[in-house]
S.K.: 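I'd like to ask you about the structure that follows.
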Amino acid sequence: MTTPVRVRFAPSPTGYLHIGGARTALFNWLFARRHNGVFILRIEDTDRTRSTDEYIQAIMDGMTWLNLDWQEGPYRQTDRFDTYRGFAERLIQEGKAYYCTCSPEELEERRQQAFTEGKSPMYAGRCRERLLKPAEPAAVRFRMPREGQTVVQDLIKGPIVFDNSVLDDIVILRSDGTPTYNFVVVADDIDMKITHVIRGDDHVNNTPKQIHIYEAFGWEVPQFAHLPMILGSDKARLSKRHGATSVTAYRDMGYLPDALVNYLVRLGWAFGDQEVFTRDELIQHFSLENIGQSAAVFNPEKLLWLNSQYIINSSPEALAEAVLPHLKQDGTVAETAQIDMAWLGKAAYSLRERSKTLVEMAAQMHYYIADEIAIDPKAREKHLKSESLEMLSAVRMMIEAAPDVSAVVIEPLIHTMATAKGLKLGALAQPLRVALTGGTASPGIFEVMEIMGKDLVMKRLAKALGG
RNA sequence: GGUCCCAUCGUCUAGUGGCCCAGGACGUGGCCCUCUCAAGGCUAAAACACGGGUUCGACUCCCGUUGGGACUACCA
């Protein structure tokens, strides 16, 4: 029997869930699903000055929106300080860690000096052999080996070799008794029986240090998989400078969570030539071996295209649900209004091929819903001039007389009228379109009328014809 | 500075020594379709960073150069 897969996403709540974090979470989630494993959410908040509860909530909101559900957690490291102290105690007793009374100021000074001298700014090991007793205040450092090599067997990058001489005696307990990151990760990963550590490759240099801590506890080292970073268009690490990096910002801009997931997974991972995947396909095909080793540039245009694909392939029901919040957001629909969702679905569905985002869709939907619309001056100039108005007037009378404005009723009538007057369909359709929608671009004009219904159509025509 | 990682079209990538004068996708140009705008179809331009090896044969393996990136805290 093989041990069950247990993976974790371990963000620090010093900001919202950003694109890079979301992808790390996604890959962990996918890996867990693929292997019927457990996905754990762990909040790394040992830096109490920068961590906030608001950010913890924001991270969970982002994951929930993306449908990345976790089976355990959220665990908070600040709730587990006693556990860490126990772990540290063990290392001290076994001589694998030691007290250090060097002052931060002194250390910082030495660091700066080493830097200017072009030397490695490592801890020189003043207290390493001093066998200090517990003192106040004293930090606790981990005793790293000074000789030999450590090999990180990375599932994505292959073996990575480090000389142990470059490994610092890191602080595991600050002088105030709180534990630090490199120590806590290992303690937690041991405690939570993590089998695979999938994280950003900004952690590779920490990995050999962590391996020695695992070994100090006599624990089997988990498998590592270090994901390449996501870069901005200037190839620098993705940051706020590059525009929206918060996952929830994409929700607000009208992106579908599945589209963002699809985009994110393709950033670094590929399955032959396939571009669009369902969740099930992703789970079925996902594997760490197919992840590339080089950093990827975030490309908003491709994300936009994927979003449009997901919108095109959505059902009317799904579109109605998805677009409604945006209609309320931009005021087209009152917050408390009762909406006919079947009708809304039909309206949204008609716009699916011309809306790259739900925000765009909501904006266009305005002419289906609003009482009054503004007619674009240029469109009026071009399509609502004298002879067009006369034709439109004729059309109005024809529609007035029709039993309803469904496409099956109106379309043949308009075609007949065009033929009778020796006109192309466009000569009637464009003035009609401008009168009904206020602009020159819309879904097929017969579809538009059917969705608007006779009352609204007649109202718009009357308005356009000046009375 | 030190350590580590990376290098195929503008971008995401396929490619695991011969299938490649390099395939797909986004974006860009052209054409078709058409009541508008889209969507869709067809099509064009566009890449193996450079230099050495290894090999009968390198995009693929090795070394170096160059260029990017990450880490280098009593941050995570």
Side-chain angles (χ1 to χ4, degrees), chain A residues 10-14 44-47 49-51 77 100 102-104 107-108 111 114-123 137-141 152 154 156-157 160-163 165-168 170-176 178-182 184-185 200-208 226 228-229 231 233 235-237 263 266-276 292-306 308-309 312 351-356 364 379 383 411 414-415 418 424-430 432-434 437 439-446:
Chain A
S12 69
T14 53
E44 311 231 319
D45 56 351
T46 51
D47 183 351
T49 57
R50 294 198 303 149
S51 303
Q77 294 182 325
C100 172
C102 300
S103 75
L107 255 19
E108 179 58 23
R111 237 168 58 80
F115 233 110
T116 50
E117 286 172 11
K119 282 191 255 173
S120 230
M122 280 178 55
Y123 177 63
V140 176
R141 286 183 184 271
V152 177
D154 194 273
I156 293 172
K157 295 173 190 290
I160 306 170
V161 182
F162 293 85
D163 278 331
S165 61
V166 306
L167 270 25
D168 221 339
I170 55 167
V171 168
I172 60 175
L173 249 38
R174 300 183 182 97
S175 36
D176 67 1
T178 61
T180 62
Y181 166 75
N182 276 108
V184 179
V185 200
D201 74 3
D202 46 340
H203 289 286
V204 287
N205 287 300
N206 289 326
T207 309
H226 286 101
M229 305 258 83
L231 275 22
S233 51
K235 306 237 175 175
R237 190 177 178 152
Y263 178 71
R266 283 285 290 104
L267 223 46
W269 179 84
F271 184 72
D273 285 339
Q274 191 172 345
E275 294 287 350
V276 182
Q293 350 217 298
S294 50
V297 174
F298 184 81
N299 183 300
E301 278 80 36
K302 188 158 182 178
L303 169 59
L304 192 59
W305 171 78
L306 261 171
S308 72
Q309 293 300 303
I312 286 171
L351 293 167
R352 75 192 189 286
E353 283 172 355
R354 48 216 112 213
S355 311
K356 289 185 188 298
Q364 294 179 83
H383 296 289
E411 189 162 1
I414 299 270
H415 273 284
K424 291 211 271 188
L425 184 58
L428 292 179
Q430 273 310 77
L432 200 44
R433 172 169 286 113
V434 173
T437 70
T440 55
S442 83
I445 196 62
F446 305 113

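Small disclaimer: the values here were computed from a predicted structure and weren't measured. Just so it is clear: chains get the letters A, B, ... in the order the sequence lines come, proteins before strands, and each one is counted from 1.
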S.K.: Under a 4.5 Å cut-off applied to non-hydrogen side-chain atoms, are A:Y181 and A:Q77 in contact?
M.R.: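 They are not in contact (no side-chain heavy atoms under 4.5 Å apart), so the answer is no.
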S.K.: Take A:R50 and A:D45 through the salt bridge (Lys or Arg N to Asp or Glu O under 4.0 Å) test and state the conclusion after the steps.
M.R.: CA-CA 8 Å; A:R50 294 198 303 149; A:D45 56 351; over 6 Å; no
S.K.: Taking the C1' atom of each, how far is B:rU13 from B:rC31, in whole Å?
M.R.: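 B:rU13 and B:rC31 have their C1' atoms separated by 28 Å.
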S.K.: Side chains of A:T178 and A:D176: donor-acceptor distance under 3.5 Å anywhere?
M.R.: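 Their side chains do contain a donor-acceptor pair, which is all the 3.5 Å distance test asks for.
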S.K.: So, is A:R237 near the phosphate of B:rC71, with a side-chain N or O under 4.0 Å from OP1 or OP2?
M.R.: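 Checking A:R237 against B:rC71: at least one side-chain N or O falls below 4.0 Å of OP1 or OP2.
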S.K.: The side chain of A:A270 is closest to which nucleotide in this list: B:rC26, B:rA14, B:rA39?
M.R.: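 Looking only at side-chain atoms, A:A270 lies closest to B:rA14.
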S.K.: OP1 or OP2 of B:rA39 versus the side-chain N and O atoms of A:R352: is any pair under 4.0 Å?
M.R.: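 For B:rA39, OP1/OP2 do not have a side-chain N/O of A:R352 under 4.0 Å.
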S.K.: Rounded to whole angstrom, note down the C1' distance from B:rC5 over to B:rC9.
M.R.: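 One C1' to the other, the span is 24 Å.
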S.K.: Please state the C1' separation for the pair B:rG53 and B:rG41 - nearest whole angstrom.
M.R.: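 My reading of the C1' atoms in B:rG53 and B:rG41 gives 49 Å.
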S.K.: What is the base-pairing partner of B:rU36, counting Watson-Crick and G-U wobble geometry with both distances under 3.5 Å?
M.R.: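 WC or wobble partner does not exist here.
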S.K.: Is a donor-acceptor contact shorter than 3.5 angstrom present between the side chain of A:E353 and the base of B:rG40?
M.R.: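 Not at all, since no donor on one side and acceptor on the other fall under 3.5 Å apart.
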S.K.: Where the side chain of A:T180 is defined as all heavy atoms beyond and including C-beta, which of B:rA76, B:rA39, B:rG24 is the nearest nucleotide?
M.R.: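 The closest nucleotide is B:rA76.
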S.K.: Reckon A:T46 has a side-chain N or O less than 4.0 Å from the OP1 or OP2 of B:rA76?
M.R.: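 Checking B:rA76 against A:T46, a side-chain N or O does come within under 4.0 Å of OP1 or OP2.
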S.K.: Considering residues at least two apart in sequence or located in another chain, which fulfil the salt bridge (charged side-chain N to carboxylate O under 4.0 Å, His left out) criterion with A:D168?
M.R.: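 For A:D168, no residue satisfies salt bridge (charged side-chain N to carboxylate O under 4.0 Å, His left out) once neighbours in sequence are set aside.
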S.K.: Counting only side-chain heavy atoms from C-beta out, which of B:rU11, B:rC74, B:rA25 sits nearest to A:K235?
M.R.: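 The closest nucleotide is B:rU11.
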S.K.: Any base atoms under 4.0 Å from A:E275, or only sugar-phosphate, or nothing? Heavy atoms, all strands.
M.R.: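 Base contact.
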S.K.: Can you tell me the distance, in whole Å, between the NZ atom of A:K356 and the P atom of B:rC26?
M.R.: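 Going from NZ in A:K356 over to P in B:rC26 covers 10 Å.
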S.K.: Just to be sure I understand the rule, does A:C102 reach a base, reach only the sugar-phosphate, or reach nothing, if contact means heavy atoms closer than 4.0 Å?
M.R.: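 Since a base atom lies under 4.0 Å of A:C102, the category is base.
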S.K.: With a 4.5 Å limit on heavy-atom distance, are the side chains of A:I414 and A:L432 in contact?
M.R.: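 Side-chain contact under 4.5 Å: yes.
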S.K.: Roughly how many Å apart are B:rU55 and B:rC61, using the C1' atom of each and rounding to a whole number?
M.R.: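 Comparing C1' positions in B:rC61 and B:rU55 gives a spacing of 10 Å.
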S.K.: Measure CD/A:Q364 against P/B:rA39 and give the value in whole Å, please.
M.R.: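 Rounded to the whole Å, the gap is 12 Å.
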S.K.: From B:rC12, B:rU36, B:rA76, pick the nucleotide closest to the side chain of A:A296?
M.R.: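 Looking only at heavy atoms from C-beta outward on A:A296, the closest nucleotide is B:rC12.
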S.K.: Between A:E275 and A:K302, is the closest basic N to carboxylate O distance under 4.0 Å?
M.R.: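 Counted as a salt bridge, because a side-chain N and a carboxylate O are separated by less than 4.0 Å.
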S.K.: If we call it a pair only when both distances are under 3.5 Å in a Watson-Crick or G-U wobble match, what pairs with B:rG1?
M.R.: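 Paired with B:rG1, as far as the under-3.5 Å criterion goes, is B:rU72.
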S.K.: Between A:G444 and A:E108, name the one whose nearest nucleotide on RNA chain B is closer to the 5' end.
M.R.: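 The 5'-side residue here is A:G444.
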S.K.: Which one, B:rA76, B:rC35, B:rG10, comes nearest to the side chain of A:R50?
M.R.: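 The nucleotide sitting nearest to the side chain is B:rA76.
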S.K.: Touch check for A:D176, heavy atoms < 4.0 angstrom, all strands: base, sugar-phosphate only, or nothing?
M.R.: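 No contact.
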S.K.: Counting distance alone, no hydrogens or angles: does the base of B:rC74 have a donor or acceptor under 3.5 Å from a partner atom on the side chain of A:S175?
M.R.: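 Answer yes: a donor N or O sits under 3.5 Å from an acceptor.
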S.K.: From B:rU11, B:rU72, B:rA14, pick the nucleotide closest to the side chain of A:N299?
M.R.: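 Out of B:rU11, B:rU72, B:rA14, the nucleotide with an atom closest to A:N299's side chain is B:rU11.
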S.K.: Under a 3.5 Å cut-off for both distances, is B:rU55 Watson-Crick or wobble paired, and to whom?
M.R.: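 Paired with no nucleotide.
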S.K.: Mind checking whether A:P13 and A:S51 have side chains closer than 4.5 Å, heavy atoms only?
M.R.: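 The answer is yes; the side chains approach within 4.5 Å.
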S.K.: Could you work out the separation of B:rC21 and B:rA25 based on their C1' atoms and round it to a whole Å?
M.R.: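 Those two atoms are separated by 23 Å.
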S.K.: Using distance alone, with no hydrogens and no angle criterion, decide if A:N205 and A:T207 have a side-chain donor and acceptor under 3.5 Å apart.
M.R.: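 No, because no side-chain N or O of A:N205 sits under 3.5 Å from a partner of the opposite role on A:T207.
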S.K.: Which nucleotide in the list B:rA25, B:rC35, B:rC12 gets nearest to the side chain of A:A429?
M.R.: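 Closest nucleotide to the A:A429 side chain: B:rC35.
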S.K.: What is the distance, rounded to the nearest whole Å, between atom CZ of A:F298 and atom P of B:rC12?
M.R.: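 My rounded result for the distance is 12 Å.
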S.K.: Measure from CH2 on A:W305 to P on B:rA39 and round the result to the nearest Å.
M.R.: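 Rounding to the nearest Å, CH2 of A:W305 and P of B:rA39 are 12 Å apart.
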S.K.: At 4.0 Å (heavy atoms only), tell me whether A:P443 reaches a base, stays on the sugar-phosphate, or touches nothing.
M.R.: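 The answer is base, as A:P443 lies within the cut-off (heavy atoms under 4.0 Å) of a base atom.
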S.K.: Less than 4.5 Å apart, any side-chain heavy atom of A:R141 and any of A:I172?
M.R.: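 Sidechains of A:I172 and A:R141: no contact.
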S.K.: Partner lookup for B:rC48, please. Criteria are Watson-Crick or G-U wobble with both distances under 3.5 angstrom; report none if nothing qualifies.
M.R.: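 Its partner: none found.
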S.K.: With sugar-phosphate meaning primed atoms plus P, OP1 and OP2, does A:H226 contact a base, only sugar-phosphate, or nothing at under 4.0 Å between heavy atoms?
M.R.: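 Result for A:H226 = nothing.
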S.K.: Starting at atom CD of A:Q430, determine the distance to atom P of B:rU36, rounded to an integer number of angstrom.
M.R.: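 The answer, rounded to whole Å, is 7 Å.
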S.K.: Provide a list of protein-nucleic acid N or O atom pairs under 3.5 angstrom, restricted to nucleotides 1-8 of chain B.
M.R.:
residue: B:rG1; atom: O2'; partner: A:G118; partner atom: O; Å: 2.8
residue: B:rC5; atom: O2'; partner: A:K157; partner atom: NZ; Å: 2.8
residue: B:rC6; atom: OP1; partner: A:Q293; partner atom: OE1; Å: 3.2

S.K.: To the nearest Å, give me how far apart CG (A:L267) and C1' (B:rC26) are.
M.R.: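 It is 12 Å, rounded to the nearest whole Å.
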S.K.: Would you check if there is a donor-acceptor pair between the side chains of A:T440 and A:Q430 at a distance under 3.5 Å?
M.R.: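 A:Q430 vs A:T440: no donor-acceptor pair found between side chains.
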S.K.: The side chain of A:L425 lies closest to which of these nucleotides: B:rC35, B:rG27, B:rC74?
M.R.: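 In terms of side-chain proximity for A:L425, the closest of B:rC35, B:rG27, B:rC74 is B:rC35.
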S.K.: I'd like to know if A:D202 reaches the base of B:rA76 with its side chain such that a donor and an acceptor end up less than 3.5 angstrom apart.
M.R.: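 By the distance-only test, no, there is no pair.
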S.K.: For A:F446 and A:L107, take the nucleotide of RNA chain B holding the closest heavy atom to each; which residue's nucleotide lies nearer the 5' end?
M.R.: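 Checking each residue's closest nucleotide, the 5'-ward one belongs to A:F446.
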S.K.: Would you mind pulling out the nucleotide paired to B:rC9, Watson-Crick or G-U wobble, both distances under 3.5 Å?
M.R.: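 By the stated definition (distances under 3.5 Å), nothing pairs with B:rC9.
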